[in-house]
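Here is how names work: the chains are called A, B, and so on, in the same order as the sequence lines, proteins then strands, and each is numbered from 1. Computed from a prediction, not measured in an experiment: that's the story for all the values here.
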Amino acid sequence: MSEHRKKSRAASRVDHRHSTSQEVARPHSRSRQIIWQLASLLAASVVLGFAFNSSSPVGIRFNDATSDSLSSSELKTEPVPVARTNQLAMLTPTPPSSAENPRVRQIITPPPPLTSAPTRLLTPATPVAPPITPPVTAPAVAVAPPTTGVAQNPAVIHWVEAKPLAASGQAVLVDVRHKSMYDAGHIPGAISLPETSTPEEFTAFLNQYPTNLTLIVYCSSTSCSQSARVAGRLVTQYQRPSVKYMTGGYMEYQQAELANQPAQPQP
Amino acid sequence: MMTDPGNRVQRLLSGLLGVLMLWAAISKLANPTEFLGSIYAYELPLPRPLLQATAVVLPWLELLCGLLLVAGLWIETALATVTGLLAVFVVATGQAWLRGLEIACGCFSLKVFGLDSNPELERFLESVAFAFFRNLLLLTLATFLLRRTLRHNRTATAQATAN
């Protein structure tokens, strides 16, 4: 009885590991089985990987130079002149500007009736027209000004709020991730200033912008803490009066702008 | 099924490794471009299409291996794959560390544990040096489990053939 139990236990142990007892008995076929399993795993990963990335709006695109060049080519990368604000104005939803990347325009353009939720989250009623300079109507003056020093500094901001600020040139987006991550994809209009930059690089970067310009710092996603650290540094070490950091980072932007692009819920 | 406590521990450790692989895979799949960027950051002397293909396939390989380890299926194959992957990670992070590349991947957040108030510790845990040691530890674990599994299976096979 006990012998029988021992035998069946040994058999079950073997069965647990191997599909058939015949294969168990032959190590050669066993290694062949492992190779077959490895090949299956790899094949499944390749199929799933390519299917996922081609269907996902945030997926990696082969031959899609745009996802890489979207960054470097037309916007920033190169040293930014003092008249940087003009370049930022390029992001505004204003009429026809000359040489603009259509994709960037498509992504960043108008903040108009995005969804009902974002508009509510934005500061008061932001008009569709760009609020760069004080508009004609009186109440609009109080609408968009960058946060004053009284407000929490650095403060948390979300993309729905950051977008109009960046688009109207009232804020500049600062990407603090590693440069290669920035090159792989970033928010259009953002400037790369990796956390690992030297103090001289920080100073040189900040000297290009007026002191009261709002800096919106971001990194990868909620799982990264670089943006919070750099934002704190910009306030304490470099005395910037208006610094915000996007806790959701680049992922928040992607989710808001790319993933939701096809279907916009109606009120 | 596995009455031997040693086997039970082994099973538990395999499951744990599987969960870690799943966690790593999901965080990569959540933002593929970000992952591609972090691969570029290692400045490996490899052609870009190969790196892109790696960024496409690797998270799924991790995911499948994690699932297999958690489910207790194809253990040998899954462990062999994970060991191979971890060996590659060790080489990649090791060379980056030696070259002094400052890659703060931002993939290990302490916010969850409420420890983000310590920026120095946080920066260390995000550093490439920490990633290297973490991978080395995991590689040791995976190698140990793989060797044990192979040995166990060899004895089981011998037993079965004897019977």
Side-chain angles (χ1 to χ4, degrees), chain A residues 7 9-14 16-18 21 24-27 30 33-38 40-42 44-50 52-53 56 58-62 67-68 177-186 194-196 219-226 228-229 232 249-251 254, chain B residues 1-3 27 29-43 48-49 52-53 55-65 68 72 74-78 80-81 101-112 116 119 122-123 126 149 152-154 156-157 159-161 163:
Chain A
K7 270 187 187 175
R9 192 179 291 168
S12 74
R13 210 181 284 162
V14 169
H16 176 69
R17 302 271 170 214
H18 316 288
S21 52
V24 170
R26 295 169 53 189
R30 176 101 197 92
Q33 187 190 16
I34 292 178
I35 292 171
W36 181 85
Q37 287 176 349
L38 271 173
S40 313
L41 258 184
L42 198 62
S45 306
V46 169
V47 170
L48 285 168
F50 280 93
F52 171 77
N53 280 281
S56 167
V58 295
I60 298 165
R61 301 275 184 275
F62 274 85
S67 67
D68 281 23
R177 300 172 301 161
H178 191 275
K179 182 71 169 61
S180 60
M181 293 188 194
Y182 171 88
D183 288 340
H186 60 260
E195 187 194 15
T196 49
C219 53
S220 309
S221 62
T222 46
S223 70
C224 73
S225 46
Q226 293 149 301
R229 283 200 298 264
Y250 183 58
M251 194 191 269
Q254 281 187 310
Chain B
M1 216 181 318
M2 284 188 174
T3 46
S27 63
L29 288 171
N31 201 338
T33 19
E34 181 77 31
F35 175 52
L36 178 64
S38 63
I39 289 183
Y40 287 159
Y42 284 97
E43 296 177 12
R48 277 208 158 196
Q52 287 177 327
V56 167
V57 175
L58 187 73
W60 287 96
L61 199 57
E62 284 182 335
L63 187 87
L64 293 177
C65 287
L68 289 174
W74 292 10
I75 293 276
E76 278 179 1
T77 311
T81 313
L101 297 180
E102 289 192 69
I103 309 166
C105 68
C107 44
F108 193 96
S109 175
L110 292 179
K111 282 175 195 162
V112 192
D116 53 328
E122 199 168 38
R123 202 170 296 140
E126 283 183 356
T149 309
H152 178 270
N153 285 355
R154 215 175 295 141
T157 309
Q159 257 185 349
T161 45
N163 291 334

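The heavy-atom pair separating B:Pro32 from B:Leu29 by the smallest distance is CD-O, 3.6 Å. The two residues A:Gln254 and B:Thr33 come nearest to each other via the heavy atoms NE2-OG1, 3.1 Å. Nearest heavy-atom pair, A:Arg177 versus A:Tyr182, reported as atom, atom and distance to 0.1 Å: NH2-CA, 3.7 Å.
Chain A forms the most heavy-atom pairs under 4.5 Å with one residue out of B:Ala78, B:Ala53, B:Pro49, B:Pro59, and that residue is B:Ala53.
Interface residue B:Leu68: only side-chain heavy atoms are found under 4.5 Å from chain A. Contact annotation for A:Ile35: neither backbone nor side-chain heavy atoms come within less than 4.5 Å of a heavy atom of chain B. For chain A, no part of B:Ala80 is nearby; none of its heavy atoms comes within less than 4.5 Å.
Annotation: side-chain hydrogen bond (donor to acceptor under 3.5 Å, both in side chains) contacts of B:Thr77 (sequence neighbours excluded): A:Gln37.
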